[in-house]
Amino acid sequence: MSYQKSPGLSYFVHLLGCMLFICALAVQAADETEASAKRGAITGGVMHEAPSWFKDSFLDIQEDVDEAADEGRHVMLFFQLNACPYCDRMLTESFEAEPLKSFIQENYDVIAINVKGDREIAFNEDTSMIEKDLAEKLEVRATPAILFLNQENNAVVRVNGYRSPKRFQHILSYVSSKSYENSTLAEYMEKNLEKDVYKLRDNKMFSDINDLSSVKGPLAVIFEDSSCYDCDEFHDKLLAREDVQKEMEPFTVVRLDTDSADEITDPDGNKTTAADWAKKVEMTYRPGVLIFDEGKLMRRMDSLLFSHHFKESFRYIGGGFYKTQDYSEYSEQRTEELLSSGVDINLGE
């Protein structure tokens, strides 16, 4: 009679160990899957090629300026970034839609420059470098950045960030008419902008303060007027958001009407008016925002921002992060913090 030997204790211990190991791997895989599922995502970036009618330049800017001058046009340098939602919106609204498209084509040679690009540019007789180095040299911090050159290859106007078609139209006319030869952009805009397109709106965050030098701690100053094409969007899509309001809580927020002749005191203690102060700090955009802490100007917003960039600018100053980090370092760390916490970041809303 034959028989099979029963497995010993060591066999069952080995089998149990294998089962526990497999279970541990399964739990680890599930945890990793869950963590991956919870990680936030960045959305809202929009890839947008430059319009086909932009000049196919050899990137010798002096040569481009000379060619444009021969035909009575100016050169416009359009600094863009891949997946930039502000570039997409401005290209769509102003460069690819009438009536501005035809006006730009008639009066300008437009050259696209990638702020992260590696093409060589002969900017002038003293400056030749690749695109990203030129963007750094010119301190391009917001895209689109648009540089208008006169017929001597000198910059006469610079636009940082998005502009609505109505406001951009006046900038285009200012340069094409060569009004820069006898007036500032602020003076031209004041004379030509349509009035009464916007009625100033109240907000519970606004403080009625005329002496800005008396404010202790973080201060935000908002410039508005009756010619503000973007102010309703500013109120409805930014100031109305709870996440934006949370980051603005540490601030004294003052809204100034640049149509008003009322006297104010600026943060340095100078008597002035909202309009004169706006001119002094070269704030031609409405709604323009200046952010101060301890009486010092820390950041300025002279273009329309979407909510993520807007609120993070306030958090950067209000939280005191600027004292130990530059903004690019802060932004990188903050982005990873939000994503790893499962928060989605929409760059385009």
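Side chains are part of it too, since the values below use all heavy atoms of this structure and drop only hydrogens, waters and symmetry mates.
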Counting distance only, does the side-chain N/O of T92 pair as donor-acceptor with the main-chain N or O of D88 below 3.5 Å?
yes

Is the shortest distance from a Lys or Arg side-chain nitrogen in E93 or K101 to a carboxylate oxygen in the other one below 4.0 Å?
no

Cation-pi geometry met for R89 and Y162 (6.0 Å, 45°)
yes

side-chain contact (heavy atoms from CB on, under 4.5 Å) involving T272 - partner list, sequence neighbours excluded:
I264, D266, D276, W277

Does the side chain of K137 reach to within under 4.5 Å of the side chain of M129, using non-hydrogen atoms?
yes

Ring geometry between H235 and F206 (parallel below 30°, tilted from 30 to 60°, perpendicular above 60°)
perpendicular

If we ignore hydrogens and angles and just use 3.5 Å, is the side chain of T127 paired with the main-chain N or O of N124 as donor and acceptor?
no

Linking directly or through intermediates, with side-chain heavy atoms under 4.5 Å: list the remaining ILVMFWY members grouped with I345, chain and number order.
I42, L338, L339, V343, L347

Counting only heavy atoms not in D326 (residues, nucleotides, ligands), do more than 12 fall under 6.0 Å from its CG?
yes

Measure centre to centre between the rings of F310 and F314, then say whether the value is under 6.0 Å.
yes

Please lay out, stage by stage, how E125 and Q62 fare under the test side-chain hydrogen bond (donor to acceptor under 3.5 Å, both in side chains).
CA-CA 8 Å; E125 61 181 16; Q62 182 62 62; over 6 Å; no

Does the distance from a Lys or Arg side-chain N to an Asp or Glu carboxylate O, for R201 and D232, drop under 4.0 Å?
yes

salt_bridge(E294, K296) N-O dist < 4.0 Å:
no

Closer than 4.0 angstrom, basic N to acidic O: yes or no for R163 and D302?
no

Whether R286 and E224 form a salt bridge (side-chain N of Lys/Arg under 4.0 Å from carboxylate O of Asp/Glu) is what I want to check.
no

Between Q151 and K178: side-chain donor-acceptor atoms closer than 3.5 Å:
yes

Using only atom types and a distance under 3.5 Å, with no angle test, would you say the side chain of E131 pairs donor to acceptor with the backbone of D118?
yes

Does the ring centre of H309 sit less than 6.0 Å away from the ring centre of Y86?
yes

For the residue pair S226 and D259, confirm or rule out a side-chain donor-acceptor distance under 3.5 Å.
yes

Test: K55 and E67 ion pair at under 4.0 Å:
yes

Looking at E190 and K279, does any basic side-chain N land under 4.0 Å from a carboxylate oxygen?
yes

Taking the six-membered ring where the residue is Trp, are the ring centres of F95 and F168 under 6.0 Å apart?
yes

So ring pair (Phe, Tyr, Trp, His ring centres under 6.0 Å) across residues 329-349, not counting sequence neighbours, yields Y316-Y330, F321-Y330, Y327-Y330

Please check if atom CD in E282 has more than 12 non-hydrogen atoms from other residues, nucleotides or ligands closer than 6.0 Å.
no

Distance only, no hydrogens: is a donor on one side chain within 3.5 Å (strictly under) of an acceptor on the other, for E98 and S102?
yes

Please check if atom CG in N182 has more than 12 non-hydrogen atoms from other residues, nucleotides or ligands closer than 6.0 Å.
yes

Between R334 and E312 (salt bridge meaning N to carboxylate O under 4.0 Å), is one present in this structure?
yes

The single option from V281, V289, L256, L297 that satisfies side chain to side chain contact (heavy atoms under 4.5 Å, CB included) with V221 is L256

